[in-house]
Amino acid sequence: MSKFKYDLAVIGLGYVGLPLAIEAANSKLKVVGYDINESLVTNLNNSTSHVEDISNNQVSNSLEKDLIFTSDSEILGESEYIVISVPTPLTDYQPDLSFVEAATKSIAENLQKGHVVILESTTYPGTTLEIVKPILEKSSKLTAGEDFLLGYSPERIDPGNEKWTFKNTPKIVSGINKKSLEKISKFYKLIIDEVVEVSGTREAEMVKLIENTYRQVNIAMVNELAILSNMLDIDIWEVVEAAKTKPFGFQSFRPGPGVGGHCIPIDPKYLSFKTRQIGQPVRFVELAQEINNSMPNYVVARISELMNKKEILLKNSKILILGVAYKKDIGDTRESPALDIIESLLEKSVDISYYDPHVDELTVNKRSIAREENLENLSNFDLILIHTPHSKFQEINFDSVTSLIFDSTGSFTISNANRL
Ligand SMILES: NC(=O)c1ccc[n+]([C@@H]2O[C@H](COP(=O)([O-])OP(=O)(O)OC[C@H]3O[C@@H](n4cnc5c(N)ncnc54)[C@H](O)[C@@H]3O)[C@@H](O)[C@H]2O)c1
């Protein structure tokens with residue numbers, strides 16, 4: 001019998017933490033969800049979810065089980081396992097671990113013998129040992145790996161993915177020693193179908209970075225080939241579809257207006273930050289970032305070129321951007337290339353509006369962007385830019401639209417469309 005009142009405390013109830021808390025409650029664990037954002041906690045206690053993949057019903061069902069939401073950090077002392085899933089953004093283009101440090105301090109203040117602490121936030125290799133462990137040991141005077149256990153387990157959640165969910169996506173786990181690994185592995189086996197053990201926390205931290213760097217680099221490669229194919233008058237979309245028929249040795253990536261979301265544009269920078277500490281750049285990462293970051297400008301240049309051919313002046317033109325989320329069928333606009341595209345078009349005095357069934361409001365550079373409500377009037381615009389290939393857009397009869405159409409996603413069969 002554990003001496004603790006709760007089995008699990010999750011720190012940070014965002015895209016990563018909330019699904020974990022809910023899934024653990026579904027697996028009959030006693031769970032505390034802790035977040036410093038009090039209004040978010042109040043909403044959750046009123047069964048209102050702010051995470052798209054988690055419905056209000058799921059929250060209310062969990063509340064009926066053994067799950068509570070709170071902003072009181074003292075409760076952390078009452079839970080055997082404590083998972084940190086707070087943001088790890090970039091500030092001034094550098095990894096910002098201030099949220100991880102603050103969360104770790106709130107654990108340290110409540111740390112007791114028997115606790116198991118797991119970092120899930122994405123970060124560079126060494127964070128668990130070099131940042132989290134010293135903070136926990138210093139104020140508590142307890143020893144990691146003996147008095148309390150410590151490890152790292154990266155999150156692989158893919159918002160909007162109905163096939164690969166929290167439960168059936170294999171989970172990488174690690175510990176700072178054997179005892180920590182065994183205990184952490186045992187915990188995740190209670191809530192996830194397949195658990196994959198790696199030998200140390202640095203390896204586990206690196207797993208997450210290799211996964212996202214792989215995507216970043218391959219997307220950049222196909223984006224560069226899209227630009228070159230356009231110059232060579234080759235249809236890159238047809239090329240990608242044909243190459244995809246190879247049953248081995250090729251995984252297809254599609255070109256697009258850039259990369260967005262909380263992972264791909266950010267995580268590889270954590271990797272290059274770490275390797276720069278030993279004087280080595282990750283050359284692939286830096287080139288990939290350069291190419292992907294240039295895509296919004298490329299989209300604007302192509303739009304300008306298309307309008308020029310039709311003798312439409314970009315300045316004061318009316319452009320509608322369809323989809324502003326960073327990926328299909330979700331409403332997350334964090335790091336979305338749409339933001340850079342809109343910013344650039346605003347600078348060129350374009351009258352820009354947007355429509356996204358998943359995004360009710362949009363602000364770019366403190367300017368509120370008009371949301372188009374009536375999709376019957378698409379021909380009233382000089383140009384329609386398809387930025388995100390939301391399923392809902394398949395219902396639009398683009399062939400009846402007389403405006404210029406630029407499909408930066410290559411996902412729609414439109415007779416008069418121009419593609420990336
Ligand atoms: N969103 C994804 O798809 C995804 C996927 C895999 C990994 N990750 C990683 O997981 C981590 C969390 O990302 P997210 O998208 O869930 O973030 P998020 O912004 O959605 O949520 C983070 C939550 O942490 C809370 N918080 C911040 N500091 C806190 C503190 N000191 N104590 C308690 N709560 C605190 C915030 O109020 C917020 O509610 C990041 O490192 C991210 O890179 C995210």
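Order of appearance sets the numbers: ligands from 1, and atoms from 1 within every ligand. Side-chain atoms are counted along with the backbone in the values below, which use heavy atoms only and exclude waters and symmetry mates.
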Proximity of [X] to ligand 1 by residue part, where a heavy atom lies under 4.0 Å:
| X | result |
| --- | --- |
| C263 | side chain |
| S121 | both |
| E101 | neither |

contact_flag R334 ligand 1 heavy-atom lt 4.0 Å: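 Yes.
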R156 near ligand 1 by a heavy-atom separation under 4.0 Å: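 Judged by the 4.0 Å heavy-atom criterion, R156 does not count as contacting ligand 1.
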Which atoms of ligand 1 have any heavy atom of [X] under 4.0 Å away?
| X | value |
| --- | --- |
| P159 | 3 (O) |
| N37 | 37 (O) |
| I11 | 32 (N), 33 (C) |
| Y34 | 32 (N), 33 (C) |

What protein heavy atom sits nearest [atom], and how far away is it?
| atom | value |
| --- | --- |
| atom 43 (O) of ligand 1 | H262 ND1, 3.0 Å |
| atom 23 (C) of ligand 1 | D35 OD2, 3.6 Å |
| atom 34 (N) of ligand 1 | I36 N, 3.4 Å |
| atom 9 (C) of ligand 1 | T122 OG1, 3.4 Å |
| atom 22 (C) of ligand 1 | P87 CD, 3.6 Å |
| atom 14 (P) of ligand 1 | Y15 N, 4.0 Å |
| atom 31 (N) of ligand 1 | A103 N, 3.6 Å |
| atom 21 (O) of ligand 1 | G14 CA, 3.2 Å |

R156 atom CZ, neighbour heavy-atom count above 12 within 6.0 Å: yes
E376 atom CD, neighbour heavy-atom count above 12 within 6.0 Å: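 12 or below, so no.
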Gap between atom OG1 of T213 and atom CG of L271 - 0.5 Å precision: 5.0 Å
Euclidean distance, I386 CD1 relative to S408 OG, rounded to 0.5 Å: 8.0 Å
F187 and Y81 aromatic ring geometry - parallel, tilted or perpendicular at 30°/60° bounds: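 Aromatic pair Y81/F187 classed parallel.
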Geometric class of the F4/H115 ring pair [parallel <30°, tilted 30-60°, perpendicular >60°]: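 Parallel: the ring planes of H115 and F4 meet at under 30°.
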Between [X] and [Y], a side-chain donor and acceptor under 3.5 Å:
| X | Y | value |
| --- | --- | --- |
| N223 | N292 | yes |
| N110 | E74 | no |
| N46 | T48 | no |
| T42 | N45 | no |
| N297 | S294 | no |

Shortest heavy-atom approach to atom 11 (C) of ligand 1 - which of I84, V86, L40, T88: V86
Option with minimal heavy-atom separation from atom 16 (O) of ligand 1, where the choices are L13, I266, V16: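 Closest candidate by heavy-atom distance is V16.
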Salt-bridge contact D193-K167 (side-chain N to carboxylate O under 4.0 Å):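 Answer for the salt bridge query: yes.
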